[in-house]
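Each chain gets a letter, A, B and so on, in the order its sequence line appears, and its residues count up from 1. Hydrogens, waters and symmetry mates play no part in the numbers below; they use all other heavy atoms, side chains included.
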Amino acid sequence: MNPIVKTQIQEKALLRIQADQVCVDYNGMVALYDASLNLKSGSICGLVGMNGAGKSTFFKALMGFVRPSRGKIRINGVSVTNAQKQQYVAYVPQNEGIDYSFPVSVWDVVMMGRYGSMNIFRIPRESDRRAVIHALERVDLLNLRGRPIGALSGGQRKRAFLARAIAQRASVLLLDEPFSGVDVPTEKLMAELFLQFRQEGRTILISTHDLNHVRDFCDFVVLINKTVLAYGETTEVFTSENLNKTFGGIPPNPLAGRTSAKDFQNE
Amino acid sequence: MSELFISMTPVSWLVDPLTHEFMRRALMVSALVGGVCGLLSCFMTLKGWALMGDAVSHAVMPGVVVAYALGVPFSLGAFVFGVGSVALIGFINQKSRIKEDTVIGLVFTGFFALGIVLVSKIKSNIDLMHILFGSPLGISSSDVNQTLVISFFVILGLLLFRRDLMLYCFDATHARSIGINTGILHYLLLTFLSLSAVAGLQTVGIILVVSMLITPGATAYLLTDNFDRMTLLAFLSSSFSSIVGVYISYWSDIETGGSIVLVQTFLFLIAFLFAPKYGILKNSSFVNTN
């Protein structure tokens, strides 16, 4: 193979998330337009914006729940549908979105991360059990594996769902407000885990409005308000001017003076 | 009635009815149908589909009547009208400003009324009372066969796909994100619901079938934190209620459907009061050590 082509392919493979001018609308209401973003493997990225700015729409587009009306999304170089089938993307929900009186144990929840890799009747093999044990060890919940999830603390619940993402072996993790309602030990454990994930080449996208956590944990930051206002390394993008634009500042005109993500590509 | 009980040994209380062919049949069908509905009730209660169960079980009525009139299996008619009613609920919900619970109530009563009108209009050997209140003691052998087929189909489907259905009830977002088609699961569950409703109709009738579709699940839910154990408990308690209900109905000469449902409700009350962890009379020290 032509060595130049080969390096291009390798470079492409390193890009975990590629969003190219993605537009999403719901029945004519624009939720997101011209959102472009490239995230390479091994990055922790904060997704920052107000409520209704399109954070969850962006997540839904990455998970394949909404089809962009325009633009293209690739995960690990493949389409979102294929990424689902390959178990590339894991979503870690907000605590509020889950029924914690559901009769499942921590073990059951983490095993759900393996379903996509199992046969249609979801009968766990030895390798699935090992993956679950390994994931539980990493979030320090192995000794609580028999507990009903309702009996866990807020931080432990969060860790259980992180373990599910680990068991899934997803390379792209979408986290929705991961730090809300967690205790200090869990926050420390999660911070360490995120660094390990980065080391392993996973890419983490954290949706939050807690700016302090973005400063502390994220190498990259994406500011969104109906579109990607800016993205890049946290130190460069986290300026008061950019944050003003994101929160409460005048929304950018989609037709004039657009801050395209392309501006940041050759930083 | 009390003299009957006194003059009888428990063994004869259990065995004597079995000398009748119709009682053996009623007991078998009721136990099986109870088990099917009990199994499904776990998914209904966990998914929050109690109202949906009520709606579908009523909406299958015109389907059953039309199927009888046309001479096709009543499960087919039930399936068409059961799933159709839910599709209609979804459609009206989406296209109008009316709230969902209103739409559900509106659609299922409409279907139910259609069923009642059809029964009175279509001259056939359908007995409205049998459909409304069930008649396990008078069930025909062709109905028995159909009910057996439906029951085995639903039990097999629920057992094989219980993991996916559980995940769908628990966290549909995750299910979708790993590539599971939740639309298919949704309609699979609806299909099972329509079929179970029509099976339950044989024993307790349309009006009370919703009880079969939620009470055993609610009882089991109070007794365990393990999903598989919950399904087993619901299956067993529902089968048990059906058998006991049929016996009581035989000896006391009371309506069978009502009798079955009352036993189920009684079991629920016991669980509500005395369940080790979630009963209201629980020993609180027990909870702490758990």
Side-chain angles (χ1 to χ4, degrees), chain A residues 27 56 59-60 62-66 75 80-94 97-124 146-151 161 164-165 167-170 172-174 176, chain B residues 41-49 94-95 156-185 188 217-234 271 275-278 286-290:
Chain A
N27 304 323
S56 59
F59 269 16
K60 282 179 186 163
L62 290 175
M63 288 188 284
F65 293 2
V66 292
I75 310 267
V80 172
T81 315
N82 282 330
Q84 281 183 346
K85 293 197 179 114
Q86 303 283 328
Q87 309 297 311
Y88 285 158
V89 183
Y91 173 69
V92 180
Q94 269 196 69
I98 294 290
D99 172 13
Y100 283 101
S101 57
F102 207 91
V104 283
S105 66
V106 175
W107 177 273
D108 297 331
V109 168
V110 180
M111 188 58 92
M112 288 171 192
R114 302 295 310 153
Y115 279 16
S117 314
M118 293 180 193
N119 67 19
I120 186 152
F121 302 125
R122 320 294 174 200
I123 299 160
R147 284 253 176 112
I149 44 156
F161 283 94
R164 182 173 77 178
Q168 192 184 329
R169 302 213 174 95
V172 173
L173 273 66
L174 307 179
D176 203 352
Chain B
S41 69
C42 295
F43 297 93
M44 295 294 115
T45 49
L46 289 175
K47 184 75 187 157
W49 269 16
Q94 223 170 35
K95 299 287 175 189
L156 193 69
L158 285 176
L159 285 182
L160 287 180
F161 296 107
R162 71 183 188 284
R163 295 272 158 250
D164 278 23
L165 290 169
M166 175 193 75
L167 177 57
Y168 174 59
C169 296
F170 175 63
D171 189 354
T173 308
H174 174 68
R176 276 178 83 180
S177 75
I178 60 173
I180 291 176
N181 190 330
T182 49
I184 289 181
L185 291 179
L188 195 64
T219 306
Y221 183 57
L222 291 179
L223 294 173
T224 179
D225 280 317
N226 177 298
F227 180 77
D228 287 343
R229 215 168 295 150
M230 177 177 166
T231 53
L232 184 68
L233 283 171
K277 195 167 163 190
Y278 298 111
F286 179 84
V287 175
N288 290 339
T289 55
N290 210 334

Region of A/Ser101 that comes under 4.5 Å of a non-hydrogen atom in chain B:
both
Separation of B/Asn226 CG from A/Ser105 OG (nearest 0.5 Å)
7.0 Å
Region of B/Thr224 that comes under 4.5 Å of a non-hydrogen atom in chain A:
backbone
Between A/Pro148 and B/Lys277, the two heavy atoms sitting closest are CG-NZ, 4.0 Å
Test item: A/Pro103 and B/Leu46 side chains (from C-beta on) under 4.5 Å apart, heavy atoms
yes
At a 4.5 Å cut-off on heavy atoms, which part of A/Val92 comes close to chain B: side chain, backbone, both, or neither?
neither
Out of curiosity, A/Arg114 CZ to B/Arg163 CZ, how far, rounded to the nearest 0.5 Å?
15.5 Å
Distance col, row A/Tyr115:OH vs B/Leu167:CG, nearest 0.5 angstrom, shows 6.5 Å
From CZ (A/Phe102) to CE (B/Met166), nearest 0.5 Å:
6.5 Å
Hey, could you give me the CZ/CZ distance between B/Arg162 and A/Arg122, rounded to the nearest 0.5 Å?
12.5 Å
Could you tell me the separation between the CG atom of B/Asp171 and the OH atom of A/Tyr91, rounded to the nearest 0.5 Å?
8.5 Å
Name the option with the most non-hydrogen atom pairs under 4.5 Å to chain B; the candidates are A/Phe161, A/Phe121, A/Phe65, A/Tyr88.
A/Phe65
Name the region of B/Leu160, side chain, backbone, both or neither, that has any atom closer than 4.5 Å to a heavy atom of chain A.
both
Got a sec, which residues hit salt bridge (Lys or Arg N to Asp or Glu O under 4.0 Å) with A/Asp176, two or more places apart in sequence or on another chain?
none
Comparing A/Met63, A/Lys60, A/Gln86, A/Met112 against chain B, the one with the most heavy-atom pairs below 4.5 Å turns out to be A/Met112
Please flag which part of B/Cys42 lies under 4.5 Å from any non-hydrogen atom of chain A: side chain, backbone, both or neither.
neither
Shorter than 4.5 Å, heavy atoms on both sides: which option in B/Leu159, B/Ile178, B/Thr173, B/Ile180 has the most such pairs with chain A?
B/Ile178
Side chain proximity check, A/Asp108 to B/Phe170, heavy atoms < 4.5 angstrom
no
Honestly, the part of A/Leu174 sitting under 4.5 Å from a heavy atom of chain B is neither
Max heavy-atom pair count under 4.5 Å with chain B, selected residue of A/Asp99, A/Val89, A/Val104:
A/Val104
